[in-house]
Number of protein chains: 2
Amino acid sequence: MIESCLYRKLSHYVDIDDDSWDILARLEDAEESYSASAVVREIGTSADELFVVKSGWFYSFVLLPDGRRQIVSIRHPGDVVGFADIAYENACDTLVAASDGVLCPFPRKHLQRVFTDAPRVAALLFTLAVRDQVLLTDLLKATGRMSAREKLAYFLLELDARLRITNPDKTSFRLPLNQTEIGDTIGLTNVYVSKSLVALEQQGLVSRKDGDITILAPDVMKAMCDFQDRHSQMDVGWFPGAEDDPHVGSKP
Amino acid sequence: MIESCLYRKLSHYVDIDDDSWDILARLEDAEESYSASAVVREIGTSADELFVVKSGWFYSFVLLPDGRRQIVSIRHPGDVVGFADIAYENACDTLVAASDGVLCPFPRKHLQRVFTDAPRVAALLFTLAVRDQVLLTDLLKATGRMSAREKLAYFLLELDARLRITNPDKTSFRLPLNQTEIGDTIGLTNVYVSKSLVALEQQGLVSRKDGDITILAPDVMKAMCDFQDRHSQMDVGWFPGAEDDPHVGSKP
DNA sequence: CGAGGTGTTGAGAACCATCAATTGCCGTGG
DNA sequence: CCACGGCAATTGATGGTTCTCAACACCTCG
């Protein structure tokens, strides 16, 4: 049961005793498969479960009445999805599959048992939710105050940093998002995403080859957008029962 | 001790037994006063406490190296500030006082005891953090995908909705933020905030008088920006020991 | 009275959006 | 096999929203 969907994600950051893991493992339902662009749950519908991404990319977005779209988070394997809806009865955004993928649902009402019986896990979930919040402020900084090229630099660096958690040595990555989706994430049109990507390429900052992206000058790009890696480190020193491992950073 | 800073805020949403309140009350330190535009804590410095706002307005922001600023949250009396930094050792944004005000610090490491001894309070804090996240996605939608006037409509409606929690009948409110700060929140310049406010006034949607703002046509403005009130309702049905009060909404 | 902060207004420019046309790619079906 | 349609990316022309820069009025406070 230690092979639950959450295990690989959470054990990256913190040691959790077997009893707590037992609780988590028993809470996970059977997994669900989705094909690319399938809608997992629509905005406004009942949101009574969290999901753990087992494979594939997902993202969630909100729409304005006239069709303008804002993508608010992109989710990768190991991510926990749906924190934003815990405070409300109905989903605050629409969740779709960006590629084929598999989710493990986790009924929201089971969180009760996590909070009463596994405080260390509850604290970790809390921390993950709060980390999402920091990522949102980074994205807000980009959409609110950056030029198109700076936005793209941020967008690519953020994806790169996230993917390095599981693949520290990958120098390039495949982007299963089209340019309209990229634009809807950082507040641009698909047309200007294209033009700005070409510009970044001509500056020698990135290169593209059959849909794969390589970041050629990470330092220049990080300076462009004041980038900060939120993934390689998290502070779990305040966790219950954590006196002996005050700060757990990246993968050992 | 029931008169702690957190009490009025949290009791709005949920009943919590006296033992849990005792724990919370004992955790709160002495309060701290700040005068307008004072810096509470700088980005990058150690973030080992949460704050509860007792009085006044505060906001937190991030800066780009060249001075561009993005305000990421505005905080009012009763709000809990600092969730975003729980996941990291150092503060992810700079917190300043928008007006004179008072904060109650709450050492982060005391959260241990909340998670182990007061799971219902832990769940509520979790929910509040997650609600902040939803507010951030609303702001992201505004900065990323709205026109200047729509952004301002959102900004004013959001403040109005928040202030109505404590003052349900107020039809106008005072804004202790200058137009540069408004612009830094929704991604505009101070100049364009001024022009857009004048435009909203000429449309008959809002009126201003000695710094007070009145929303004249809330329905029109809500339609403009697809506004949703995140403050009047929260779902606490999944809380530990909450079987008997599944959904607690606004103030009774 | 002068200084600084704030809001307003105008002219011009810059950045990005919109619209439209073209290309390439892929899967489908004739 | 080829024709066809659809999706995605690119490119160019044009226009609009917003920014920048500047000047001015107003208020408060020293």
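Residue numbers start from 1 in every chain, and the chains themselves are labelled A, B, ... in the order their sequence lines are given, proteins ahead of strands. When reading the values below, keep in mind they use all heavy atoms of this one structure, side chains included, and skip hydrogens, waters and symmetry mates.
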Please report the C-alpha distance between B/Leu63 and B/Thr94 in whole Å, then the side-chain angles of each, then the deciding distance to 0.1 Å, and finally whether the side chain to side chain contact (heavy atoms under 4.5 Å, CB included) criterion is met.
-> CA-CA 9 Å; B/Leu63 283 176; B/Thr94 298; over 6 Å; no
Sort and list the pairs that fulfil ring pair (Phe, Tyr, Trp, His ring centres under 6.0 Å) and have at least one residue in residues 151-173 of chain B, not counting sequence neighbours.
-> none
B/Glu181 has an atom CD; how far is it from atom P of C/dT6, in whole Å?
-> 7 Å
What is the per-nucleotide protein-contact pattern of nucleotides 12-27 of chain C, from the 5' end, where B denotes a base atom under 4.0 Å from a protein heavy atom, S denotes such proximity for sugar-phosphate atoms only, and - denotes neither?
-> ---SBSBB--------
side-chain hydrogen bond (donor to acceptor under 3.5 Å, both in side chains) pairs, two or more places apart, involving residues 185-203 of chain B = B/Glu201-B/Arg208
Residues passing the side-chain hydrogen bond (donor to acceptor under 3.5 Å, both in side chains) test with B/Asp226, sequence neighbours excluded, are B/Lys141
Does B/Leu175 reach the side chain of B/Leu159, with side-chain heavy atoms less than 4.5 Å apart?
-> yes
OP1 or OP2 of C/dT8 less than 4.0 angstrom from a side-chain nitrogen or oxygen of B/Gln179, does that happen here?
-> yes
Partner set under salt bridge (charged side-chain N to carboxylate O under 4.0 Å, His left out) for B/Lys151, not counting sequence neighbours | none
What is the bend of the helix from C/dC1-D/dG30 to C/dC26-D/dG5 when you compare the axis at one end with the axis at the other, using five pairs each and rounding to 10°?
-> 30°
Earliest and latest nucleotide of DNA chain D, 5' to 3', sitting under 4.0 Å from a non-hydrogen atom of chain A?
-> D/dA8 to D/dA13
From the options B/Asp138, B/Asp79, B/Asp229, B/Asp132, select the one residue that forms a salt bridge (Lys or Arg N to Asp or Glu O under 4.0 Å) with B/Arg162.
-> B/Asp79
Contacts of type side-chain hydrogen bond (donor to acceptor under 3.5 Å, both in side chains), residue A/Tyr88, not counting sequence neighbours = none
Rounded to the nearest 0.5 Å, what's the gap from CG on B/Asp93 to CD1 on B/Ile43? Could you check?
-> 6.5 Å
What residues 61-73 of chain B contributes to the DNA chain C interface at heavy-atom separation below 4.0 Å is none
Which residues share a salt bridge (charged side-chain N to carboxylate O under 4.0 Å, His left out) with A/Asp212, sequence neighbours left out = A/Arg174
List for me each residue that meets salt bridge (charged side-chain N to carboxylate O under 4.0 Å, His left out) alongside A/Arg149, sequence neighbours excluded, and say none if there are none.
-> none
Sequence-distant partners of A/Arg164, salt bridge (charged side-chain N to carboxylate O under 4.0 Å, His left out), two or more places apart | A/Asp160
Taking C-beta and beyond as the side chain, do B/Leu157 and B/Lys222 meet within less than 4.5 Å on heavy atoms?
-> yes
